[in-house]
Amino acid sequence: MRLLLIEDENELARLVKNSLVKAGFAVDVAHDGIEGEYLGNESIYELAIVDLGLPKRPGLEVLKNWRAKQNALPVIILTARDTWQEKVDGFKAGADDYLSKPFHIEELLARINALLNRVHHHTGGILTAGDFQLDTNRQAIITQSGDILPLTGSEFKLLRCFILHKDQLLSKTILMDHIYDSDSDKDSNVIEVYVNHLRNKLGKDRIETRRGQGYIFKDTPQ
Ligand code: CA
């Protein structure tokens, strides 16, 4: 799951990115409003975190421009402390949530997860896929009999992407876009490796290979 962070304070951007990556997200950072607005229109992100005080183009304008183009990207805005007017303006412009600076990274993570849960209509960090569940907080599979199978970071990111787009054909390129940020070394062969890991855990038939096209994750076991 790939997130966009638009924040001009380098140190804060670095800290937030590191924490989000640890939590299993791929994160791209834009340092000004123009670059951020452009990236946000790329439709590879599940959510954007937008600082309102940005060089070149204010965050509020970025948000308004997205919404004017029917871009419904879920957005959390970062506001200066105690500026209720900014929050009201942010919501009017189409923000889904806000956080006042300075904030605890744990609160940002909780808000990101809550917003993603609302968007994807699941609750408590649990995604259901036929006969098993994915616990996104523990990054583990919960089987029907209640066994817990831990996943590596990459397996977790791939499986979450599959479940959120179940029964859809996903090309390797799309999977790479969801799993890696723009700074990562990309090697599409690794997708094959992780798909095989997941097959070992979930059964061979759960993920179908379409040669030259990609993969389909099946919600219901065959
Ligand atoms: Ca700023």
Side-chain angles (χ1 to χ4, degrees), residues 1-120 125 136-137 139 153 157 160-161 164 176-186:
M1 194 171 286
R2 195 155 158 184
L3 309 183
L4 174 62
L5 171 63
I6 314 179
E7 169 60 67
D8 58 314
E9 288 168 53
N10 286 330
E11 182 58 17
L12 179 62
R14 198 182 57 79
L15 282 173
V16 170
K17 175 172 175 165
N18 287 347
S19 307
L20 296 180
V21 167
K22 266 191 213 132
F25 296 102
V27 182
D28 289 332
V29 179
H31 297 278
D32 67 64
I34 290 181
E35 185 195 7
E37 183 181 326
Y38 172 79
L39 287 175
N41 282 321
E42 293 271 274
S43 64
I44 46 175
Y45 300 103
E46 299 278 348
L47 180 147
I49 302 146
V50 181
D51 183 30
L52 290 187
L54 290 170
K56 294 188 184 174
R57 186 171 295 163
L60 208 58
E61 214 178 303
V62 171
L63 181 55
K64 281 180 186 163
N65 291 345
W66 283 340
R67 297 307 187 235
K69 279 185 166 178
Q70 316 298 325
N71 179 346
L73 180 65
V75 169
I76 298 174
I77 52 172
L78 302 178
T79 66
R81 200 212 300 252
D82 295 333
T83 49
W84 65 269
Q85 189 65 47
E86 271 194 2
K87 291 165 199 163
V88 172
D89 290 345
F91 281 121
K92 281 185 184 161
D96 300 277
D97 201 357
Y98 74 89
L99 198 54
S100 302
K101 285 181 174 180
F103 54 84
H104 287 283
I105 196 74
E106 288 78 10
E107 183 175 1
L108 176 62
L109 266 175
R111 289 186 179 276
I112 289 171
N113 284 323
L115 180 52
L116 290 173
N117 287 343
R118 286 207 296 278
V119 171
H120 293 289
T136 63
N137 295 317
Q139 305 198 354
K157 286 189 253 185
R160 181 174 52 188
C161 185
L164 292 176
M176 298 285 292
D177 279 345
H178 278 280
I179 292 169
Y180 295 105
D181 58 49
S182 52
D183 297 335
S184 305
D185 286 332
K186 297 181 187 180

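Order of appearance sets the numbers: ligands from 1, and atoms from 1 within every ligand. The basis for the numbers below is simple: all heavy atoms, side chains too, and nothing from hydrogens, waters or symmetry mates.
Note on Glu9 versus Lys101: salt bridge recorded, some NZ/NE/NH1/NH2 to OD/OE distance being below 4.0 Å.
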Which donor-acceptor pairs under 3.5 Å do the side chains of residues 53-62 make with protein atoms, sequence neighbours left out?
residue	atom	partner	partner atom	Å
Arg57	NH1	Glu37	OE1	2.6

Hey, can you pull the donor-acceptor pairs under 3.5 Å for the side chains in residues 19-32, sequence neighbours left out?
residue	atom	partner	partner atom	Å
Ser19	OG	Leu15	O	3.0
Asp28	OD1	Ser182	N	2.7
Asp28	OD1	Ser182	OG	2.9
Asp28	OD2	Arg2	NE	2.9
Asp28	OD2	Arg2	NH2	2.6
Asp28	OD2	Tyr45	OH	2.7
His31	ND1	Glu7	O	3.4
His31	ND1	Asn10	OD1	3.2
Asp32	OD1	Ile34	N	2.9
Asp32	OD1	Glu35	N	2.9

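Counting only protein N, O or S atoms, 3 lie closer than 3.0 Å to the Ca ion (ligand 1).
Counting heavy atoms from C-beta outward, Leu63 and Val50 have side chains that stay 4.5 Å or more apart. In this structure, Ile112 and Ile49 have side chains that are in contact, with non-hydrogen atoms separated by less than 4.5 Å.
Residue pairs meeting the ring-ring contact (aromatic ring centres under 6.0 Å, His included) criterion with at least one partner in residues 46-75, sequence neighbours excluded, do not occur; the list is empty.
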